[in-house]
Amino acid sequence: MTWRRDDAHRIWIGGVSVAELVETFGTPLYVMDYATVVDRLGRYQAALAACDPPGLPYYAGKAFLCRALAGLLEERGVGLDVVSGGELATALAGGFDPRRILFHGNVKTRDEIAYGLAQGVGLWAVDSLDELALLDQMAGAAGVKAAIVLRLTPGIEAHTHAFIRTGQFDTKFGLAMAAGIAEGAVDAALAAPHLDLVGYHAHIGSQILEVEPFLANLERLLGFARDQYQRLGFWPEVLDVGGGLGVRYTPEDDPPPLEVVVEGMRELLRQWTPPDRSPPRLYMEPGRSVVAEAGVTLYRVGAIKTVPSGRRYLAVDGGMGDNIRPALYQAPYRAEVDGKVGEAVAATLAGRYCESGDILIAEQQWPADVAVGDVVAVLGTGAYNYTMASNYNRVPRPPVVAVREGQARVWVEGERWEDLYRLDRPWEPW
Ligand code: LLP
């Protein structure tokens with residue numbers, strides 16, 4: 001993240017002052033640091049390209065996606081993981097090449113499958129036997145052969161919040177590598193006339209801060225691949241290990257560098273590949289670790305209260321509508337005040353929505369002179385904030401502005417009040 005403070009403690013992001021950003025675009029405001037996004041994409045790309053054969057990151061659009069970002073991803077030549085027709089439409093509207101798109105999701109509707117097939121989506125992650133049959137039939141009807149990976153669950157418990165854990169067997173996602181379920185899916189995929197099975201996928205969860213679960217996941221995939229090779233002579237061209245690498249929301253979070261994770265994986269690929277085969281191509285689907293630390297949300301303090309217990313509340317002009325993560329996952333964040341420093345008073349950072357649970361930061365130390373009208377920057381909001389935003393209380397979603405070397409560009413316009421009733425039909429006496 002390229003944010004810094006100047007001698008007057010003013011905050012600058014991407015060479016643009018926070019004062020100028022809020023003056024131009026108002027608050028709340030999502031700010032994306034272009035340099036951070038490009039750095040993370042480049043590092044994933046370089047680490048995976050150094051594998052033999054070269055692998056590819058498929059950025060997970062659910063973390064953050066808009067037309068401009070799709071254009072940037074296309075310019076960089078990475079892949080893109082989409083999970084809905086809406087994400088696919090956004091990517092295509094941004095000029096993204098459908099051949100580098102991977103279509104995920106545990107329920108893809110017929111409309112979404114038809115749209116993806118018509119647009120030439122390059123790879124499908126098949127999540128169930130029902131979907132396998134449907135995709136085979138629809139690909140046949142469209143006169144194409146669809147390349148697929150099977151989404152498998154490895155039976156791994158990653159140490160992360162229960163809501164964002166997906167590797168265990170008891171999950172709605174994927175096909176279990178147990179009880180013959182995954183084997184049955186391989187048989188069905190190889191027998192499907194309009195599907196081309198290219199490999200396997202497994203994603204174990206999100207905000208993971210250790211290397212071991214990632215390596216255990218790939219080891220499970222490789223073990224499964226070896227078993228199928230012995231059983232059927234089928235060896236995968238691709239292994240997709242999903243996303244999930246964590247980021248530093250607070251100083252206590254200490255994620256391993258992605259290069260260390262990839263290096264560990266390269267080693268496993270070398271060890272497990274049968275002598276008469278070449279290692280599969282390694283695909284990863286990073287979302288959070290590409291965009292989270294690039295994002296900052298700017299708010300203005302609207303009220304400060306001390307309640308009878310002595311607890312102090314700073315309330316700002318946004319909250320759970322633009323960042324649901326604290327309410328949903330008790331996700332921790334840290335904030336900075338523009339123009340002021342110091343750790344003198346403890347206070348809760350609260351939002352403006354009509355819910356007691358609308359808390360952005362349960363407790364943090366603040367400068368002694370923090371006051372109504374100050375601009376607060378919540379750090380690390382680039383992933384799963386804008387994409388999970390709502391219009392609760394009919395509050396418009398904030399704009400997204402990208403900053404780079406002193407320039408700010410709108411990536412997504414802010415909603416206006418009239419946008420909120422755009423789809424409403426007027427009352428007609430009944
Ligand atoms: N691939 C698959 C199949 C996934 O399900 C996900 C995330 C990713 C890749 C990207 O994972 P990442 O690198 O971003 O951790 N809303 C939650 C996170 C949900 C993650 C869902 N799947 C949050 O705000 O923490």
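When a ligand or atom number is given, it counts from 1 through the structure's own listing order. Position 1 is the first residue of the sequence, and the numbers go up from there.
- At a heavy-atom cutoff of 4.0 Å, ligand 1 is contacted by no atom of L328, backbone or side chain.
- Interface atoms of ligand 1 facing G244, defined by a heavy-atom separation under 4.0 Å, are 11 (O), 12 (P), 13 (O), 15 (O).
- Listed by chain and residue number, V198 satisfy the side-chain contact (heavy atoms from CB on, under 4.5 Å) test with E237 (two or more places apart in sequence, or in another chain).
- Every atom of ligand 1 with a heavy atom of E285 under 4.0 Å away is listed here by number and element: 1 (N), 2 (C), 3 (C), 8 (C), 9 (C), 10 (C), 13 (O).
- Considering CG of L268 and CG of L218, their distance stands at 5.0 Å, rounded to 0.5 Å.
- Of the heavy atoms in A60, only side-chain atoms (C-beta onward) come closer than 4.0 Å to ligand 1.
- Classification of the Y200-F224 ring pair by plane angle, with boundaries at 30° and 60°, yields perpendicular.
- Close N/O approach between Y384 and ligand 1 is found [any backbone or side-chain N/O within under 3.5 Å].
- Between Y329 and ligand 1, a contact under 3.5 Å exists for at least one N or O pair.
- Atoms of ligand 1 lying under 4.0 Å from any heavy atom of D81, numbered from 1 in the order shown and given with element: 1 (N), 9 (C).
- H104 and H203 share no donor-acceptor pair across their side chains, judged by distance under 3.5 Å alone.
- Of all atoms in ligand 1, listed by their number and element, those nearer than 4.0 Å to a heavy atom of R288 are 12 (P), 13 (O), 14 (O), 18 (C), 23 (C), 25 (O).
- For the pair R248 and D254, the salt-bridge criterion is met [side-chain N within less than 4.0 Å of a carboxylate O].
- Of all atoms in ligand 1, listed by their number and element, those nearer than 4.0 Å to a heavy atom of M388 are 16 (N), 24 (O).
- Scanning both residues, V291 and A63, for their nearest heavy atoms gives CG2-CB, 3.9 Å.
- Pairs passing the side chain to side chain donor-acceptor pair (under 3.5 Å) check and including a residue from residues 383-400, sequence neighbours excluded, read N323-N385, Y333-N385, E355-Y392, N391-R397, N391-E415, R394-D424, R397-E415.
- Residue-ligand proximity, R325 to ligand 1, at heavy-atom distances under 4.0 Å covers atoms 23 (C), 24 (O), 25 (O).
- For the residue pair T2 and G14, the shortest heavy atom distance occurs at OG1-N, 3.0 Å.
- Less than 4.0 angstrom separates some heavy atom of G287 from each of these atoms of ligand 1: 12 (P), 13 (O), 14 (O).
- Within the structure, the closest approach of P286 to ligand 1 falls below 4.0 Å when heavy atoms are considered.
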